[in-house]
Every structure is written in structure tokens, then in C-alpha cells.
Amino acid sequence: MCGIMGYAGKKPAAGIIIDGLKRQEYRGYDSAGIALRCDSEIVNVKVVGRVSELARKVSELPPESAGAITGIGHTRWATHGGVTETNAHPHESADGMTVLVHNGIIENSRELRSNLESKGIKFVTETDTEAACQLLALLYKDYGGDALRAMSALTAELRGAFALVIMFLDRPNEIWCARKGSPLVAAFDGGACYCASDPTALLRYTHDLFFLEEEEMVSLTPSGCKFFGFEGQKRIKKAIHLNWDSVMADKGQYEHFMRKEIGEQPDVMRLTIEAHTIVANVAMRKSLNIPRGLMDSIRRIQFVACGTSSYATLVAKNIMESLDNGIDVSAEIASEYRYRNVPGGGDTLAVFVSQSGETADTLAAARLAKTLGTHCVAITNVRGSTIDREVEHTVLSLAGPEIGVAATKTFMGQIGLLTLLVMFLLKEKGSLSAGDEARLIGGLRSLPTLQQSLLEREGEIKSLAEKYAGSKGFFFIGRRECVPLTMEGALKLKEIAYLPSEAYAAGEMKHGPIAMLDEHLTVVALVPDTDLREKTLSNVEECRARNAPTILIASEGDEGALAHADDILFVPRTEPELFPFIGLIPLQLFAYHVARTLGRDIDMPRNLAKSVTVE
Ligand code: F6R
């Protein structure tokens, strides 16, 4: 969704803001803009399209604008109003006093707008944001230029979600920000203040970041940040140190972030295992902070998430069931969970999974669970994110910054952590046998090497992708531990290759979808050598009988599988529950190379946003 970058310091602001916007391009956007505070005016430049085009336009500004030392920038992902230069942010009030950028949705913008129009204020855009901008200018005037009081009054009027970043014409070296529902992070590096939607935009300057809380405001000047509640009360805030390397957020030698991130997965696994290996280890207990004995009273476990993260929760559910069927475990989609009459309370443990920690539906689901008295745990990749701050117990996944819009290494980090969490919880409950514990820990430890060996066979997967990129569509099928993978494989293809792709539990094909099959639809079947191998192969044969070309992902040494496929990829053997850690990599590489063959914009697929902050 929209990306914001602001700078109040002593250096030329334009380059810093453009760089910050570029680092947030992956959030998804369709237009961009920047406002620079020059000697006596604010210069506003906007484009439809890419930040590089904005940079080109900014480079043509006269030297006095280029030298501006305060400014705000924005990448817009359109919600209200078409993709036009006029609708792009920053927006200006009719009197030119306020200039503002916004991430989120102002739900009462129509009401505000007609109210303001009845006072004679002329609107120039179709956006919800302009209402906030015009209203703020009016309030600023009413409060005699008192920015804090005007901001408080504004936030009291607005409904919905917003991260607002504002410059006032008569406050030359100052930026104001307010946050409710949409993420915003501020920083001070000793000589300048910054703000952004995403921490990765600020890591070049400092790793000590102030994540704005719900209903919090901040004023930024070259001498520091001052924080306030929405009622105007001063707040003292401690910076959170984010231990990410800014190099991790660079593409390096790779053509795409997604490919780089796929390749980082063995390291993600290594780190995850090192941090949490011994099942009852101190790190997991410390992060979870779950009182000893709690698991004795837990009857129900709910894993809750959206998108790819929800497929990670399906992996966790399967592993939990395979180890102990005496616990009521479910994997829930957050956007449904929040509107259902879900069970909760002291006998329920809910685990909320979100790589960004900012997904609106997952946050709302966690808030609901809290009100029910459910014990809540969050798993997120971003320290300081909203979910990390709102849910009492957080375990951080260790994937490092992920820039490609399609989740890859964060999914790996999630399933690694969730597997260890499941084992930890069952051990607490006394239902993890020593045999299973040793077997799975051994299996997990061997994964990074096996994953590396798969990455080294990228050429094979690339050839398959090139061969099948012309298919009309794809079906991904598999059973039990493979079902979440079928969903993830199909989603990756939809996201980055824009190809129709369906995921089905293999046994379901004959209940309807098989009607679609012909020689133009490719079936990708996940058939590890487990007790379900024969069953899945029978389903594969049903597809082949309808002329569908079939690619099999099978276990190394399973020569018998060759007879059931047009093409086959043999993958290393592992414990049955751990197959998702192996099967995932070929599916990611397959989607990547299909998309590359089709010339898609892999790191920034159309219509998508990395951090989904609206419901
Ligand atoms: C797919 C993808 C999305 C996210 C979903 C939830 O590649 O990235 O489906 O998984 O938007 O995001 P988080 O995990 O940030 O809550």
C-alpha cells in the first residue's frame, strides 16, 4: 500500500526522499509525488508511474528548490479516485497552508467534504485524503497557527485508518505526523529527523527507530522528535533498535529481490534452528513468556493469518495433528475469523502470524481474541511492528527484510518457527514423545543442506518453467502435508505470472475441477514417498487420462513415479511432516521462472501491495 517518506534536516531533502520512496516501491503503487519546502513556498511535483520518473522531474527543478532541506514524499496505491496526477499525493489545501500525504482510508471523507464545500472550499481531487488536508488548514487557522491543537482537532474528526505526514507553509523546518491504523516509523540520527511507512527506508541513517503507536503524533525538526497523544499530551518514547543490515535490503548481484530471497532460505532455516533448537529451550520460553503449566489448561489452539502466512499456519496445524490429535487445532483466515462467532477464552491459545505485522485483518482478529480473554501469541518478521507491540507475547521470525512483494523467505521463516513452536507447546503439554522430538530435530537440522542442493538444481526447474510457461493455466494437487504447498505454489503463480492457477487436495479433483482439464492445463502434483503416495498417483492418473500434461515432484529414488509424469523433479527425502520445507523451493523457483519467461514485473506485481493495511 502507499509509502511515505519525510525528512527535516540540514541536507538537500529531495534525494533523501526519493531514495526512501525507492526503497518502499515494493509496497506497491501507481503514482508518486514529493513536496519540498523552499524559501517561501512549497513546491509540489507529482507523476503517474514510477519513482524514477518522479526523480527525473525533480532533477529539472531550479536550484533553490533542489536545495530545500525539508520535504515529504509519497507513493500512492489508489483507493479513492483514479490513477491521475491530480489524485496523487501530496495534496495542498486551497489556501496553500497545509500540504499532506496519507496512507490508509478516511471513512468519513464524504461527510467532511460536503461540510467543507458548504463553507465554500473548492476541492480539486477525488481522494478521501483531500478532505483531511482542507480540514486541517481550516483548523490551523481557527487555532491561530497552533499546530498541536490543530492536529489534535483533526484526528478527533477523522474516522478510518491513517498515517498522515504534513508540512505547514509557515513552519519551514518542521513536519507533523499522526498515526491511527496505518504504520509509520520516525527516526532521529543526531542531525535530522525522518519518517517512513517502512523501517527499511530508514536503515541507511539509523537503526534506532520510533514506531508510532495507535493514536500518536510526532513533530520532526532537525533537533529531534517530539511525541504526543491525540489529545495533545506529551509522550516520552524509547527507540527500538532494529538489528537488520541495510545491505540485506539491497538486490546485490541478483536480477530480482525475489530470486535473492529464495536463495536465502537455507540461511533463514539455519538461523531459526540455531535460535530455537532445543525444544524446551530458553529462547522460545523467554519470547513466549508463557507461564509453566499453561498448556495444561489449553484445550484449543487457533492459528490465524492471511494469504501466504495462512498457508504457513496450515503447515503448523498439520504438524500439530500428526504429533497429537488430542488437541482441538484450527487454521483460520483472519478476514473471516474476525467476523465469526469464534470460540475463545482462557482455554484457548491463538497464534497470529504476519510477516509484516501490519496486516489490518490479522490485527483486528488479534484484538478480537484479546477481548475474548484468549491467550495470544504473535509471530512476525518485523520487530516494532503493530502486531509485535499489541500482542503481549511475540516470537520473531528471522528472515531479515523481505523486499519482493511475493513472500518467499518469510514463509520459510514462519514454517520453521511454527514447527518449533508446535513442538514446544506439545512438550509443555507432555505429549511430545522423545522419539518424535529427536526425529524432527534431526530432520530440521538437515534441511539447510538439502535446500541448498535444490537451489543448485535451478537449471532443471528453469527448463520446466520455460517449457510450460505457455499453459492456459495450472492445477497444483497433493494430499495432507502437501495441501498448503499446493496453495502456495498456485498463489505464487497467480501473483507474479498472472496465470490462472488452482490448488486442490488431490482427492477433490474428481468432485468437480477435473471437468476443466484438457491438454492446455498443466497439473503439478506433489507426491513425496509417504503412505499417501499411491493414492495421489491414482489422482494423477485421473488427470492424465484427461490429457493434462503432468509435472511430478517426487522423492529421490522413486523411479516408479516416472511412469506417471510427463516431467518429474526428484527432491531430497525428509521426515514426512517436513516435506513442505523441501517441496516449497521448486514451487517458488517454478513460479519465478514462469514469470520471468513471460516478462512480468516480478518484484512489483501489478495490483499488489506488500503490506496490506486496509481490510
Ligand atoms: C503472498 C503474500 C501475501 C501475504 C499476506 C499477509 O506472497 O505475500 O499473501 O502473505 O498479505 O501478509 P502478512 O504476512 O504481512 O500478514
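Note that the numbering runs from 1 along the sequence shown for the chain. Each ligand, and each atom within it, is numbered from 1 in the order the structure gives.
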[atom] [closest protein heavy-atom partner, distance rounded to 0.1 Å]:
atom                    : value
atom 14 (O) of ligand 1 : Ser309 OG, 2.6 Å
atom 5 (C) of ligand 1  : Cys306 O, 3.7 Å
atom 15 (O) of ligand 1 : Ser356 OG, 2.6 Å
atom 11 (O) of ligand 1 : Val612 CG2, 3.8 Å

### Query
Have Gln414 and Ser309 got a donor and an acceptor in their side chains that come within less than 3.5 Å?
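A pair is found: one side chain offers a donor N or O, the other an acceptor, under 3.5 Å apart.
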### Query
Do Asp388 and Thr394 have side-chain N/O donor and acceptor atoms under 3.5 Å apart?
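Thr394 and Asp388 do have a side-chain donor-acceptor pair below 3.5 Å.
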### Task
Give me the ring orientation class for Tyr194 and Tyr205: parallel if the planes are under 30° apart, tilted from 30 to 60°, perpendicular past 60°.
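The rings of Tyr194 and Tyr205 lie parallel, inter-plane angle below 30°.
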### Query
Relative to the ring of Phe475, is the ring of Tyr504 parallel (under 30°), tilted (30 to 60°) or perpendicular (over 60°)?
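Tilted.
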### Message
Please determine whether a side-chain nitrogen of the Lys or Arg among Glu274 and Arg270 lies less than 4.0 Å from a carboxylate oxygen of the Asp or Glu.
### Response
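Looking at Glu274 and Arg270, the cut-off is not met.
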### Query
Going by an N to O cut-off under 4.0 Å, is there a salt bridge joining Arg259 and Glu458?
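A salt bridge links Arg259 with Glu458.
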### Message
Keeping Tyr29 on the side-chain end and Val51 on the backbone end, is there a donor-acceptor pair under 3.5 Å?
### Response
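At least one qualifying donor-acceptor pair exists.
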### Query
Is there a nitrogen or oxygen of Ser354 sitting under 3.5 Å from a nitrogen or oxygen of ligand 1?
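Yes.
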### Query
Do Val353 and ligand 1 have an N or O pair less than 3.5 Å apart?
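No; the residue has no nitrogen or oxygen that sits under 3.5 Å from a nitrogen or oxygen of the ligand.
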### Task
Answer yes or no: are there more than 12 heavy-atom neighbours, outside Ile333 itself, under 6.0 Å from its atom CD1?
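Atom CD1 in Ile333 is not packed in, count stays at 12 or less.
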### Task
Using a 4.0 Å heavy-atom threshold (strictly under), name the region of Val405 that reaches ligand 1: side chain, backbone, both or neither.
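Only the backbone of Val405 comes within reach of ligand 1.
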### ligand 1-proximal atoms of Lys492, by part, heavy-atom distance under 4.0 Å
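Side chain only.
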Under 4.0 Å to a heavy atom of [X] - the qualifying atoms of ligand 1, by number:
X      : result
Ala406 : 7 (O)
Gly307 : 9 (O), 10 (O)
Glu495 : 1 (C), 2 (C), 7 (O)

#### Entry: Option set Thr308, Thr408, Thr359, criterion heavy-atom distance to atom 3 (C) of ligand 1, minimum
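It is Thr308 whose heavy atom sits nearest to atom 3 (C) of ligand 1.
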